[in-house]
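Note sheet for the following structure.
Along the sequence shown, the residues carry numbers beginning at 1.
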Amino acid sequence: MEKSATIGSDAWKNASIRNIKLSQTVVERGDKACDMGQQLDPLPSLRDTCVQQSNARIHAYVRATRAVLVKLRENLLDTNEEIKSLIRGKEDLEKTLEHIRKDIKLNHQSIGLRKTRPTREMGADGADDVLASERQHLLKLKRILEAQLRSVQKQLQVLDCCRKRLRAAIQERSRVMDLICHAVSSIRGAGLKDQLEKPSTPAVEPLGPYTPECARAVSEATDARQRSSTLRQEVAEAIEQTVKLQKAAHRSVNDAITQKVSETVTMRQHLQVGGGELRMAIHRNKRWYDASEMALGYTLGPVAYSDLTVRERLDRPMVSVLQQHPGTQLPEAREIGRGGMGLQESLNATARNVSLLRLTKQRVNKDARDKHHASLIDSNIVRTRRRLGDHRWVLGGVGC
């Protein structure tokens with residue numbers, strides 16, 4: 001088919017063709033842009049989607065924070081319970097320490113009462129040694145309990161610091177829990193397991209729910225509770241051991257003083273028996289002295305020579321007749337003089353013996369009285385220690 005002749009020029013024709021091709025290119029590009037827009041452009045529900053995603057992230061963060069709060073509150077409750085237990089242990093320790101101070105005061109009173117014994121009974125004995133040993137023992141126990149008390153006070157301060165740190169962490173973490181019920185997260189025990197499955201604690205993250213500060217607070221509180229539990233066991237053992245040693249020392253002192261009272265009473269009874277024997281000996285010697293004095297009077301005869309009878313004179317008729325022969329001297333006068341001297345010496349010896357017996361009796365009686373007073377003082381000490389052994393009396397004074 002033959003081409004028809006065109007009237008328009010080629011330039012005019014080419015210009016139109018270029019515009020047609022350009023329009024086709026623009027149409028294809030627009031279609032591609034629409035296809036890409038359908039694939040990549042956000043939907044009209046973008047705002048709602050963003051809100052949902054943000055809410056989901058917030059809910060996840062709040063749930064994790066609630067788990068952290070559960071852990072923190074459990075640690076806070078455990079710390080509070082540990083503080084209460086340690087305070088009870090501290091009170092028991094202070095009570096035991098007060099009993100030790102009362103025993104030291106009672107020991108001091110016992111030593112002071114024993115110093116009021118008579119001078120003869122002031123010599124050191126086994127009871128004094130037992131009292132001194134009890135005092136040293138009680139002072140040692142007092143130092144041990146005071147050291148334990150200082151440790152308990154320091155541990156209470158540590159637990160209080162941990163509690164404050166946990167409270168600060170709970171308060172800081174609770175800022176995002178305004179729209180969630182707090183009562184559920186604070187429930188402990190089986191009810192929480194039945195009502196709510198406790199979520200696991202998230203990992204430690206500086207910007208996460210479980211911050212390093214919370215982790216440090218929980219770790220320090222756990223370590224403090226463990227140390228406090230160990231310390232409470234040590235305090236309980238120390239109190240139990242102290243009470244045993246305290247009662248043993250108290251009983252040993254009472255037994256020693258009671259034994260000393262028994263020995264003193266026995267010795268006093270022996271002294272009384274000895275005093276009775278001395279009194280009987282004094283009476284015997286006094287009777288012998290009277291008999292010897294009467295015999296001396298009989299030996300010496302009357303005071304006046306004119307009172308002598310004829311048979312008692314040295315120049316009586318029989319003697320005068322005998323002496324008419326040489327070598328018939330009689331030893332009568334010499335024997336009478338020697339007998340008088342012997343009787344006088346016997347009287348002097350008996351008088352000395354009587355004086356010595358009376359002096360000895362006075363000494364024995366005084367010793368028996370001192371023993372009686374000493375036994376009364378020691379018995380009073382034992383009664384006082386038994387009466388005050390229950391520690392239900394008020395400690396007065398200082399220096400304990």
Side-chain angles (χ1 to χ4, degrees), residues 1-79 162 164-223:
M1 179 176 176
E2 294 181 0
K3 279 183 166 184
S4 61
T6 58
I7 299 175
S9 63
D10 293 334
W12 169 82
K13 181 179 178 180
N14 291 334
S16 297
I17 291 172
R18 284 194 301 270
N19 289 331
I20 292 171
K21 290 181 178 180
L22 179 60
S23 64
Q24 291 177 351
T25 303
V26 172
V27 169
E28 292 176 358
R29 186 178 296 176
D31 294 338
K32 289 181 179 179
C34 289
D35 294 337
M36 292 295 295
Q38 292 176 357
Q39 297 177 5
L40 301 177
D41 290 348
L43 297 175
S45 60
L46 175 62
R47 181 180 296 274
D48 294 336
T49 302
C50 292
V51 170
Q52 292 176 359
Q53 291 177 353
S54 297
N55 290 340
R57 185 174 179 180
I58 291 171
H59 291 163
Y61 183 86
V62 170
R63 283 195 298 271
T65 305
R66 182 171 60 180
V68 172
L69 283 174
V70 169
K71 186 177 183 65
L72 290 173
R73 286 172 180 168
E74 287 180 351
N75 278 270
L76 179 61
L77 291 175
D78 292 338
T79 304
C162 294
K164 289 180 179 179
R165 192 167 185 176
L166 286 171
R167 285 177 177 173
I170 290 173
Q171 185 177 5
E172 190 273 332
R173 290 289 91 186
S174 298
R175 294 177 181 175
V176 297
M177 302 293 293
D178 294 338
L179 300 179
I180 294 182
C181 180
H182 289 213
V184 176
S185 60
S186 62
I187 297 175
R188 302 186 65 190
L192 179 62
K193 295 181 180 179
D194 297 337
Q195 299 175 12
L196 178 65
E197 184 69 24
K198 184 173 68 176
S200 60
T201 305
V204 179
E205 296 178 0
L207 300 179
Y210 195 45
T211 61
E213 174 63 21
C214 296
R216 284 193 295 269
V218 171
S219 176
E220 290 181 2
T222 303
D223 294 340

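- Interatomic distance, Asn14 CG to Asn19 CG, rounded to the nearest 0.5 Å: 11.0 Å.
- Applying the side chain to side chain donor-acceptor pair (under 3.5 Å) rule to Arg165 yields the partners Glu213, Glu220; only residues at least two apart in sequence or on another chain are considered.
- The two residues Tyr61 and Leu207 have their closest heavy-atom pair at CE1-O, 4.2 Å.
- Interatomic distance, Ile170 CD1 to Leu76 CG, rounded to the nearest 0.5 Å: 4.5 Å.
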Criterion side-chain contact (heavy atoms from CB on, under 4.5 Å) on Ser174 and Arg73, from CA distance to verdict: CA-CA 11 Å; Ser174 298; Arg73 286 172 180 168; 3.9 Å; yes
Thr211 vs Val204, side-chain contact (heavy atoms from CB on, under 4.5 Å): CA-CA, chis, key distance, verdict: CA-CA 6 Å; Thr211 61; Val204 179; over 6 Å; no
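- Judged by distance alone, the side chain of Ser219 and the main-chain N or O of Ala215 form no donor-acceptor pair under 3.5 Å.
- Side-chain atoms of Ser23 come within 3.5 Å of backbone atoms of Ile20 as a donor-acceptor pair (strictly under, hydrogens ignored).
- Here the SG atom belonging to Cys162 is positioned 11.5 Å from the NZ atom belonging to Lys164, to the nearest 0.5 angstrom.
- Summarising the geometry, atom CD belonging to Glu172 is positioned 6.0 Å from atom SG belonging to Cys214; distances are rounded to the nearest 0.5 Å.
- The minimum heavy-atom distance between Leu166 and Val218, with the atom names listed, is CD2-N, 4.1 Å.
- Arg173 places a side-chain N or O within 3.5 Å of a backbone atom of Pro209 that can act as its donor or acceptor partner.
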Derivation of the side-chain contact (heavy atoms from CB on, under 4.5 Å) call for Leu72 and Arg167: CA-CA 8 Å; Leu72 290 173; Arg167 285 177 177 173; over 6 Å; no
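- Note: Gln52 CD to Arg47 CZ = 13.0 Å, rounded to the nearest 0.5 Å.
- Partners of Thr65 by side chain to side chain donor-acceptor pair (under 3.5 Å), not counting sequence neighbours: none found.
- In this structure, NE2 on His59 lies 10.5 Å from OG on Ser54, to the nearest 0.5 angstrom.
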